[in-house]
Amino acid sequence: MASFVILVSLSIGTVFAQTTISGNVTDAESGETLVGVNIIVKGKVIGTITDLDGNFNLNVNQEPPFTLIFSMVGYTSQEIEISGGVSNLDVKLQESTVLGQEVVISASRVEESVMKSPVSVEKMDIIAIREVPQASFYDALNNLKGVEMSTQSLTFKSFNTRGFNANGNVRTVQMIDGMDNQAPGLNFSVGNILGISELDLESVELLPGASSALYGPNAINGILLMTSKNPFQYQGLSANVKTGIMNQGERSTATTGFYDFSARYAKAFNDKVAFKVNLQYLRADDWQANDFRDQSLLNGSTIEGGTRENNPAYNGVNIYGDETNVNMFSVAQSMVGAGVLPAAALGIIPQTYVSRTGYMERDLADYGTKSLKLNAALHWRLNDRVEAVLQGNYGYGTTVYTGADRYSIRNFNMGQYKAELKGANWYVRAYTTQERSGDAFAVGTAAQGINEAWKASTQWFPEYVGAYAQAILGGMTSDAAHGAARAYADQGRYLPGSTEFKNALKDVTSRPIPGNASGVGAQFVDKTNLYHFEGSYNLADQIKFAEFVVGANYRIYQLNSEKTLFATDENGNEFNIKEYGGYVQGSKMLFNDRFKLTASVRYDKNENFQGQWSPRVSGVYSVGDHNFRASYQTGFRIPTTQDQYIDLLTPQARLIGGLPIFRDRYNLNSNPGYTLTNVTQYGAGVAADVNNPAIIQAAIQQATQLVMQQVAAGQIPNDPDAIQAAVATLVPQVVPFLAAQNNLATLQPYELSEFKPERVKSFEVGYKGLFANRLLVDAYAYFNRFENFIGGQVLIQDGNPDTGSTGPNPITGLNLIGVGPGGRNVFSMPVNRTEVIKSWGWAVGMDYKLPKNYSIGGNVSFNTLSNLDELAETGFQPSFNTPEYRYVLNFANREVWKNFGFSMAYRWQGEFVWQSSFVSPAVSSSQMSVMPAFGTFDAQVSYKLKSIKSILKVGGSNLFSDGYRQAWGNPTVGTMYFVSLTFDEFLN
């Protein structure tokens, strides 16, 4: 850091003679003046743009000679050497007609041709962003090669590449102007909610696959870099008004409108100081999650065939509160033991599971989507070599997110604030991310809380069983008796939309998860902050034989859930997490400048884990317009802040982090946990032995002995009828006790191992070539090897009736199936899998430039697990969540005839199995959570209204389709029709 301060001081203190250059820039073909052409001094930060008449004036604090670079999207860049002051420089730019001329920085952290990038990289420039056939550029990421999306709401989408897709993807990184866009308490980017306005977006670069060697932790599946417009280079006023309709037949209201407004203003007062401000606001009725299939698989039900009418344990995918279910016979046994149900009634109570009546998501979640984005930046060129930037991004909104539950993210807001110094070959920056969860709540937990508010389950289920018994004794069929029992138990149920329902929802969502003595809580509280410092320096001026880049960073996560979500230390404070890292990269041209060898290594250390080395080696061999590349890359993922420190009691389990403190805190070392599969086997053995004649006979003998001891003590009359009644009452309690003892050998404690970061080793070969300046081909193939893969593990621990959860039950461990004193403790925690996960895939993209400005192109990608059968043998579900094949076809013309243009794209992907914590365990383990194949067609036409410097755009996405879902439990995305008008003061 000291070296950067010295560098800045020396740079500021240096003074040069001043040289003035002025002139005009025009289109080489039409002769029209070009507005907003970027003009910079090569190797410096000083520069300007052409004004509304195509004129420019630039003062340079340097004596000639030096080089000016004239560039503009859609035109071939031109370098002009300046030998003295010039007052009438006439520059003519040629419109770019050759594909593959883009320059990228993401692949190596230095500028280089996209054709010669050492790894796969995709880029969208300003024109491509403007002409996408979708309503927003973020939706258009779907068109990039190998990219897939998971749509959780209109404004919350997660991108992914190369497998292991997820809602809220923690294996990808999204950056805006060098700032990690993650919500620090979640460790993933919240779509484009705290994002960037399309009006202020200069370019998007995507690196699929492992990128940790340069970008550090968590860029294990890809990184998305978005760069905003510099106010020196993009000045003036621009605004966009966009509106349209959203249509999907299964929504509460099938057709609704949406409204989107954005504005940008930038001004350079002189060559030294410039600023910009941005605003964007969107409002709409969101897509709705309306999957009502039955994912309980109980009572012989099927996914497609189960309904509330034919399955008493119905659990709809997007119905909530019906996850709570019990076995009727078990409830009846408890009722007999409590004396509220005669023992004879056990003969008419079936071994049937029953669930509570739930509520639809549309009755609970806030579908009134809104998104406000504010941005401001001040740029100050301290001199020709150093530019200072102060920038703030703020996002506020309401959306819906899918995790282990569906979360209604109401009034969520997050801010990012940056201070940066940068030169032509170095930068140093510091930024903070401030996350505030607002009024967010877990939808499923809220539904359970409402059910418990109007009638506790401890009352509802006995009422159901009692009413069922009465109906059967009254001569009803079993189906009719179930209907009558539910109607009786549901008396007093709060109906959706009623005042009682609204008040109960407000009450439940006002309490943090899991709640308190007043009732269940569903509110999600997170006010975590991130502080990040980093710098990078290109040593090109110091080292001549090769190009070297070095960099380092330091960050702090300041956890704050108001002690509701994260664990606290011995002083009652939530934890801070510190990380640091550094890298060095070198590149060298060899073999007559035909071969570029690049090697880098990075070291990162998180205070809770061992340090991680991330090497990368790549080579690019170029022959004319043909470039062949190969690389070996590594990546790693630090467990998320929640994977490290979560300590949250939910209705299903206590969620705990994987760090050693939790193993000590909940005594998992001396009182081990057992896997759900193991306990299920144990429970099945116990259930079978309950009907075992030998067990029943032993229970009768033991019950008789206990009763006779009570007779001898004078507690029971020495009367045959009294003794027989006491034995009959005691036998149902002793039978499961003995059955459990008989199956204890089935239990195998789960062995906990060291919790480590997840790692991947990636091998890739690729080719990018240009044929006859018309056909651009880009292809790659990769092989990934994942180690220490992080997955969730449910553990069931024996509880002690005397000491709570601090030791095993001294009786038998009956509690593992929910019977007997002491209860049981259910934990869900992240662990490293011992299996090595291998995946591979390939992708090919082609773009062809046809005559008369037409272009056609497309891409196809393939991704799969190569050792899926091996993983299946261990019962591991890797959540690959990716179709094997997907393809995109596009056809466009920026100007079919004067000022008219169009673009269209068709996208298709095959079916696949979705696995996540949101899928019910029964459905997930049986591979039934299939996401069907689907295709979408998007199109737009545009017209330049040059007289008012505007572009009118009319389009639609997902045309001719009933809708599609991209993940289990996510909403059905319908058709969107839109019209937009964009004004740009500097529009050519």
Side-chain angles (χ1 to χ4, degrees), residues 120 122 141-152 157-174 188 206-211 218-224 402-403 635 637 758 760-764 779-786 789-792 833 835-845 859-872 876-888 907-919 923-924 927-936 964-970 973:
S120 300
E122 304 284 327
L141 295 178
N142 255 322
N143 298 338
L144 300 180
K145 182 168 66 274
V147 174
E148 54 193 306
M149 301 283 278
S150 172
T151 300
Q152 297 147 83
K157 301 174 176 67
S158 299
F159 80 94
N160 184 69
T161 66
R162 301 188 179 182
F164 306 104
N165 193 15
N167 296 310
N169 199 336
V170 296
R171 292 184 174 91
T172 60
V173 172
Q174 178 173 298
F188 56 77
L206 171 73
L207 271 69
S211 304
N218 309 328
I220 196 169
N221 257 36
I223 185 166
L224 184 73
T402 310
R637 179 170 78 86
E758 184 176 297
V760 65
K761 298 176 182 177
S762 181
F763 303 87
E764 179 181 323
Y780 66 75
Y782 72 90
F783 175 81
N784 286 342
R785 178 185 172 92
F786 288 87
F789 197 86
I790 298 173
R833 301 294 303 195
E835 301 91 343
V836 173
I837 301 174
K838 302 173 184 177
S839 65
W840 72 281
W842 53 264
V844 177
N859 59 74
V860 59
S861 60
F862 173 87
N863 302 278
T864 190
L865 290 173
S866 58
N867 64 333
L868 183 59
D869 293 340
E870 176 187 329
L871 298 174
F876 175 48
Q877 299 178 9
S879 300
F880 194 61
N881 296 344
T882 300
E884 283 197 334
Y885 288 97
R886 66 184 309 278
Y887 67 81
V888 179
R907 176 170 51 89
W908 179 91
Q909 67 178 48
E911 74 171 28
F912 64 97
V913 175
W914 183 275
Q915 295 170 329
S916 72
S917 55
F918 187 80
V919 185
V923 171
S924 184
Q927 303 284 299
M928 293 184 182
S929 46
V930 176
M931 303 308 302
F934 68 87
T936 68
Y964 61 87
R965 287 190 294 267
Q966 292 179 298
W968 189 264
N970 279 7
V973 179

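The residues of the chain are indexed from 1 along the displayed sequence.
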Kindly indicate whether the side chain of [X], heavy atoms from C-beta on, has any atom under 4.5 Å from the side chain of [Y].
X	Y	result
Leu141	Leu206	no
Thr172	Thr161	no
Phe164	Leu865	yes
Tyr964	Pro932	no
Trp840	Thr864	yes
Ile837	Leu871	yes
Phe934	Gln966	yes
Phe188	Asn169	no

To the nearest 0.5 angstrom, please state how far the [atom1] atom of [X] sits from the [atom2] atom of [Y].
X	Y	atom1	atom2	answer
Glu148	Phe159	CD	CZ	11.0 Å
Asn160	Ser150	CG	OG	9.0 Å
Glu884	Glu911	CD	CD	10.5 Å
Phe783	Ser762	CZ	OG	9.5 Å

Backbone N or O of [Y] within a donor-acceptor pair of the [X] side chain at under 3.5 Å?
X	Y	answer
Arg637	Val760	no
Asn867	Val836	yes
Asn165	Thr882	no
Asn881	Gln915	yes
Asn167	Gly403	no
Asn143	Arg907	no
Ser866	Lys838	yes

Heavy-atom closest pair, residues [X] and [Y]:
X	Y	result
Pro878	Phe876	CD-O, 3.4 Å
Ser929	Ser924	OG-CA, 4.4 Å
Gly969	Phe918	CA-CE2, 3.5 Å
Pro883	Gln909	CG-CB, 4.0 Å
Tyr780	Gly146	OH-CA, 4.3 Å

Tell me whether the rings of Phe789 and Phe786 are parallel (<30°), tilted (30 to 60°) or perpendicular (>60°). perpendicular
Here the salt bridge (Lys or Arg N to Asp or Glu O under 4.0 Å) pairs for residues 162-173, sequence neighbours left out, are Arg162-Glu764, Arg171-Glu758
_Using side-chain contact (heavy atoms from CB on, under 4.5 Å), reason through Phe880 and Asn863 one step at a time and then give a plain yes or no._
CA-CA 10 Å; Phe880 194 61; Asn863 302 278; 4.2 Å; yes
**Asked** How far apart are the C-alpha atoms of Met931 and Trp968, what are their side-chain angles, what is the distance that settles it, and do they pass the side-chain contact (heavy atoms from CB on, under 4.5 Å) test?
**Response** CA-CA 7 Å; Met931 303 308 302; Trp968 189 264; 4.1 Å; yes
